[in-house]
Amino acid sequence: MPNGILIIDKPSGWTSMDVCAKLRGILHEKRVGHGGTLDPMATGVLPVFVGQATRAVEFAENSRKEYVAGLRLGQVTDTQDVTGETLETRPVTASRPEVEAAMSRFLGDIQQIPPMYSAIKIGGQKLYDLARKGKEVERKPRPITIYELELLEQVSETDYTFRCVCSKGTYIRTLCHDIGQLLGCGGTLYSLRRTMAAGYTTAQTHTLEEVQERGEALLQSVDTLFAQYPAYTVPSAGKENRVRNGGAITDASLPDGTYRVYGKNGDFLCLSRAQRGTLTSIKNFFGA
């Protein structure tokens with residue numbers, strides 16, 4: 001059975017779940033999940049977890065992400081991107097330095113009000129279902145972090161491209177909307193490409209056509225998701241059995257921190273945390 005991670009270059013016009021459904025058919029595996037939704041108009045890095053690797057989805061969803069986005073000033077839409085209905089247009093007088101200055105106001109820990117066209121649930125109902133019925137409800141601001149925000153190019157009098165590294169839960173279209181509001185002319189998202197997610201970059205992506213041709217050969221092992229952590233190989237069969245049975249290693253003699261733990265034969269067993277010499281599993285990745 002296929003197990004591992006596929007780094008897909010999501011095509012425009014596909015939902016993230018469309019991609020998962022396509023891969024279920026190609027790989028003949030029901031257990032397929034993605035590590036962070038991309039809107040249909042967006043392209044780029046979509047980590048997809050297959051088989052036993054679906055146990056790791058939560059770690060990808062919570063990771064930092066990087067985007068290259070197109071900001072169009074002077075236009076406000078109901079979806080905060082160009083796929084929606086235009087609500088108003090305004091003249092744009094802001095210069096590039098003024099746009100850069102406005103963008104700098106969004107760096108760091110900020111509060112962001114999620115858009116109505118989103119999958120967030122309020123009162124048991126998804127916001128986009130309410131929005132499609134013409135309803136708008138109050139949304140509470142949510143804490144997010146913008147780690148990096150760089151203006152790349154002024155494409156025209158109204159259009160700019162920028163790079164953003166951000167936390168989980170960040171809506172780039174809302175960021176475009178808010179920048180436009182700060183500048184007084186409104187703004188919307190006209191293009192979006194995710195260039196990094198869960199540590200994987202566009203250089204590691206494959207198209208759906210490539211997966212159709214090469215299938216399981218493109219799967220990466222699940223431990224690549226945790227490449228930033230040092231590796232630890234259990235020193236004996238007895239200790240490996242202890243780990244496989246959910247036990248801790250009490251004499252690991254490791255500095256405090258998070259580790260990739262491997263068996264004697266090189267199998268990736270678990271992600272573990274060492275604290276005061278005791279190594280305890282955070283998440284196991286062995287077994288069927």
Side-chain angles (χ1 to χ4, degrees), residues 10 12-13 15 37-44 65-120 122 125-195:
K10 190 190 84 66
S12 180
T15 69
T37 300
L38 277 174
D39 287 341
M41 73 171 281
T43 65
K65 297 171 177 65
E66 179 185 71
Y67 298 89
V68 172
L71 163 66
R72 176 161 296 155
L73 296 176
Q75 182 181 9
V76 178
T77 71
D78 57 353
T79 59
Q80 301 181 345
D81 62 31
V82 293
T83 68
E85 180 183 345
T86 298
L87 302 177
E88 57 180 309
T89 57
R90 304 176 196 166
V92 178
T93 59
S95 64
R96 175 169 178 155
E98 289 171 327
V99 175
E100 287 181 305
M103 290 177 63
S104 70
R105 298 274 297 275
F106 294 91
L107 271 169
D109 297 330
I110 63 172
Q111 297 284 319
Q112 187 181 69
I113 298 174
M116 276 300 300
Y117 281 88
S118 66
I120 293 171
I122 292 182
Q125 291 186 285
K126 291 181 178 179
L127 288 178
Y128 62 67
D129 287 333
L130 295 172
R132 287 166 183 162
K133 295 175 183 177
K135 298 178 181 179
E136 182 162 351
V137 297
E138 184 179 357
R139 288 97 66 202
K140 293 182 179 179
R142 304 194 307 172
I144 61 165
T145 303
I146 306 294
Y147 299 101
E148 299 178 40
L149 194 55
E150 175 189 9
L151 188 60
L152 298 175
E153 182 183 5
Q154 181 172 1
V155 180
S156 69
E157 183 180 346
T158 60
D159 292 0
Y160 294 82
T161 60
F162 65 91
R163 183 181 68 89
C164 178
V165 180
C166 56
S167 66
K168 170 190 176 181
T170 302
Y171 285 91
I172 302 298
R173 51 198 164 100
T174 299
L175 179 62
C176 289
H177 173 85
D178 293 346
I179 291 169
Q181 292 299 107
L182 183 61
L183 288 167
C185 58
T188 195
L189 176 77
Y190 73 82
S191 68
L192 185 65
R193 181 163 179 78
R194 188 155 68 192
T195 51

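I110 is not listed as a side-chain neighbour of P141, based on a closest heavy-atom distance of 4.5 Å or more. Residues C176 and Y190 have side chains not in contact (no heavy-atom distance under 4.5 Å, counting atoms from C-beta outward). Contact annotation: the side chain of F162 approaches that of L149 to within less than 4.5 Å [non-hydrogen atoms, C-beta and beyond]. For the pair I146/V165, no side-chain contact is recorded, criterion being any heavy-atom separation below 4.5 Å from C-beta on.
The salt bridge (Lys or Arg N to Asp or Glu O under 4.0 Å) test with D39 is passed by exactly one of R173, K10, R193, R194: R173. Each of T188, D159, T77 was compared with R72 under the side-chain hydrogen bond (donor to acceptor under 3.5 Å, both in side chains) criterion, and only D159 meets it.
In this structure, CD1 on I144 lies 3.5 Å from OG1 on T170, to the nearest 0.5 angstrom. Taken to the nearest 0.5 Å, the NZ atom of K168 stands 8.5 Å off from the CZ atom of R142. A distance of 8.0 Å separates CG in L175 from SG in C166, rounded to the nearest 0.5 Å. How far OH of Y67 is from OG1 of T195: 9.0 Å, rounded to the nearest 0.5 Å.
With sequence neighbours excluded, the residues forming a side-chain contact (heavy atoms from CB on, under 4.5 Å) with S12 are T43, listed by chain and number. For T174, the side chain to side chain donor-acceptor pair (under 3.5 Å) partners are Q80, not counting sequence neighbours. A search for side-chain contact (heavy atoms from CB on, under 4.5 Å) contacts involving S191 returns nothing, not counting sequence neighbours. Partners of T86 under the side chain to side chain donor-acceptor pair (under 3.5 Å) rule, at least two apart in sequence or in another chain, are Q75. Residues forming a side chain to side chain donor-acceptor pair (under 3.5 Å) with S167 (at least two apart in sequence, or on another chain): none. Judged as a side chain to side chain donor-acceptor pair (under 3.5 Å), and not counting sequence neighbours, E153 has no contacts. Legend: residues meeting salt bridge (Lys or Arg N to Asp or Glu O under 4.0 Å) with E157, ordered by chain and number and at least two apart, are absent. Applying the side-chain contact (heavy atoms from CB on, under 4.5 Å) rule to L152 yields the partners V68, E150, T161, R163; only residues at least two apart in sequence or on another chain are considered.
The minimum heavy-atom distance between Y171 and P114, with the atom names listed, is CE1-CB, 4.0 Å. Residues G84 and D78 share a closest heavy-atom pair of CA-OD1, 3.3 Å.
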Donor-acceptor list for residues 177-187 side chains, cut-off 3.5 Å, not counting sequence neighbours:
none

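The stretch residues 79-94 participates, sequence neighbours left out, in these salt bridge (charged side-chain N to carboxylate O under 4.0 Å, His left out) pairs: E88-R90. Applying the side-chain hydrogen bond (donor to acceptor under 3.5 Å, both in side chains) test to pairs two or more places apart or on separate chains, those with a residue in residues 99-112 are D109-T145.
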